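Everything below concerns the one structure shown next.
Predicted, not measured: the structure shown is a model, and the values here were computed from it.
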Amino acid sequence: MIRMMICAVALTVSAGAHAQTENALPASTLIMVTPNEEITSKTIEVGTRVSFSVVNDIVENGVVAIPRGSQVVGTISWKTGKAIGGKSGKFEVKFDSVNVRGRAYALRGVHRQEGKGNTAAALLGSMLVSGRSAQMLPGQMANAFTAEPIPFFVVQAPQAVPMSAPARAVVPAKAAPKSMVDPSLEINPR
């Protein structure tokens with residue numbers, strides 16, 4: 001009887017552990033990303049693809065919908081180089097997609113990076129001094145947004161199966177413990 005109950009519980013647990021329901025991370029969810037390597041206006045061109053990583057787990061209903069470290073692809077959509085007169089270099093990255101568990105999902109959002117200008121040269125009107133190139137380093141964060149719902153699965157806990165009450169084993173009652181004191185030696189007998 002006990003063996004049958006153990007087998008029934010084991011089957012219930014193994015069948016219930018695989019039950020999943022599908023949910024989705026909504027569109028327009030904020031994702032913080034950081035570049036995987038340095039991006040600088042000195043070397044990039046419009047159309048260059050650049051890679052980023054998701055900074056934190058994106059959690060929805062207590063479940064990780066986008067794991068930290070998921071790869072994001074972006075494209076350089078605009079660029080200017082540094083210029084004479086203290087003008088700095090600039091570029092924009094358009095976020096294209098995020099890879100979640102082997103599938104790419106669309107993103108939206110643009111990050112603009114500007115180099116530091118040389119305001120002293122601009123004030124003096126120097127034609128010989130230029131600004132600095134725009135530079136984005138790993139660890140620097142930017143915002144991207146989901147452009148479509150991203151599905152994720154929730155594993156449900158197994159449901160308990162009602163069972164009849166187990167038969168109770170009859171255990172013989174134990175005799176009351178025997179006193180270790182000899183009653184004839186008591187000073188005040190009861």
Answer yes or no: is there a donor N or O on one side and an acceptor on the other, between the side chain of T34 and the main chain of G139, under 3.5 Å?
->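 Confirmed, T34 side chain pairs with G139 backbone.
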A side-chain contact here means heavy atoms from C-beta on lying under 4.5 Å apart; do [X] and [Y] qualify?
{"X": "N36", "Y": "Q71", "result": "yes"}
{"X": "I31", "Y": "F145", "result": "no"}
{"X": "S41", "Y": "Q113", "result": "no"}
{"X": "S133", "Y": "F91", "result": "no"}
{"X": "I58", "Y": "T146", "result": "no"}
{"X": "I76", "Y": "V93", "result": "yes"}

What is the distance from atom [atom1] of [X] to atom [atom2] of [Y], rounded to the nearest 0.5 Å?
{"X": "Q135", "Y": "T43", "atom1": "CD", "atom2": "OG1", "result": "9.5 Å"}
{"X": "Q140", "Y": "E38", "atom1": "CD", "atom2": "CD", "result": "10.5 Å"}
{"X": "E92", "Y": "E114", "atom1": "CD", "atom2": "CD", "result": "9.0 Å"}
{"X": "T29", "Y": "L107", "atom1": "OG1", "atom2": "CG", "result": "10.5 Å"}
{"X": "L25", "Y": "E148", "atom1": "CG", "atom2": "CD", "result": "10.5 Å"}

So which atom in [X] and which in [Y] form the shortest heavy-atom distance, rounded to 0.1 Å?
{"X": "A24", "Y": "F152", "result": "C-CE2, 3.6 Å"}
{"X": "A147", "Y": "R108", "result": "CB-N, 4.2 Å"}
{"X": "A134", "Y": "G89", "result": "CB-O, 3.3 Å"}
{"X": "P35", "Y": "M136", "result": "CG-CG, 3.8 Å"}
{"X": "I66", "Y": "S70", "result": "CG2-OG, 3.7 Å"}

Assess whether atom CZ of R68 is packed by more than 12 heavy atoms of other residues, nucleotides or ligands within 6.0 Å.
->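 No.
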Quick one: list whatever passes ring pair (Phe, Tyr, Trp, His ring centres under 6.0 Å) with F95, sequence neighbours left out.
->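 Per chain and number, F95 pairs via ring pair (Phe, Tyr, Trp, His ring centres under 6.0 Å) with F52.
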Salt bridge (Lys or Arg N to Asp or Glu O under 4.0 Å) with K94: which residues, sequence neighbours excluded?
->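 Partners of K94 by the salt bridge (Lys or Arg N to Asp or Glu O under 4.0 Å) criterion, ordered by chain and then number, come out as D96.
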K79: salt bridge (Lys or Arg N to Asp or Glu O under 4.0 Å) partners, not counting sequence neighbours |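 Salt bridge (Lys or Arg N to Asp or Glu O under 4.0 Å) list for K79, sorted by chain: E45.
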V54, M32: one ILVMFWY side-chain cluster at the under-4.5 Å cut-off?
->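 As far as the 4.5 Å side-chain criterion goes, M32 and V54 are not connected within one cluster.
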Are I150 and V55 connected, step by step, through hydrophobic side chains (Ile, Leu, Val, Met, Phe, Trp, Tyr) whose heavy atoms are closer than 4.5 Å?
->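 Per the 4.5 Å side-chain linkage, I150 and V55 are not co-clustered.
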